[in-house]
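Below is one structure, written out as structure tokens, with a few remarks after it.
Residue numbers start from 1 in every chain, and the chains themselves are labelled A, B, ... in the order their sequence lines are given, proteins ahead of strands.
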Amino acid sequence: MASYEDFYNIVRSIPEGRVSSYGVIARLAGLPGQARQVGYALGALPHASDVPWHRVVNARGEVSARKGGSASEKIQRLLLEHEGLVFDEHGRLDMVCAAWPDIQTRCD
DNA sequence: CTAATGACGTAGA
DNA sequence: ATCTACGCCATTA
């Protein structure tokens, strides 16, 4: 039976400067279609966790909006930009090159 | 026990 | 490309 730890371990394997999506994490954890649980799991992370939760965005390549407009959204974007990622004018990332695992090589 | 909710995704219009 | 509707299911009310 899968647990939050499974999600956390996968997220921990995302390289710096790369991102993945909730749906992908769920699939890698063997629970396709349960993307919401991934977000739920990340939201339950303690503040001092070693899990790079900020490297998980939605399938559109944007930082998902929290319910109460939490400050973690801004934090997430700042952390990602700090890792070299660039958001376009729509607040989205280039998922073809930034997504992990690699979908397509040739982003150079 | 049932109903609503949500860091999501996909299909169809 | 954007928008809506629906499926998903653990957690909460």
For nucleotides 2-13 of chain B, just jot down a letter per nucleotide in 5' to 3' order: B, S or -, based on protein non-hydrogen atoms under 4.0 Å.
-> ----BBBS----
Give the rounded distance in Å between these two atoms: CE of M95(A) and P of dA1(C).
-> 14 Å
Verify the cluster assignment for M95(A) and Y22(A): are they in a single hydrophobic cluster under the rule of side-chain heavy atoms below 4.5 Å apart?
-> no
Sugar-phosphate only, base, or nothing, as touched by R77(A) at under 4.0 Å among non-hydrogen atoms | nothing
Indicate yes or no: at least one non-hydrogen side-chain atom of L93(A) is less than 4.5 angstrom from one of V86(A).
-> no
Check Q76(A), R77(A), H82(A), E83(A) against H54(A) for a side chain to side chain donor-acceptor pair (under 3.5 Å) and give me the one that passes.
-> E83(A)
Let me see the working for R12(A) and E5(A) under salt bridge (Lys or Arg N to Asp or Glu O under 4.0 Å), right down to the final yes or no.
-> CA-CA 10 Å; R12(A) 271 189 264 257; E5(A) 280 304 319; 3.3 Å; yes
Indicate the atoms forming the closest heavy-atom contact of A98(A) with L85(A), along with that distance.
-> CB-CD2, 3.8 Å
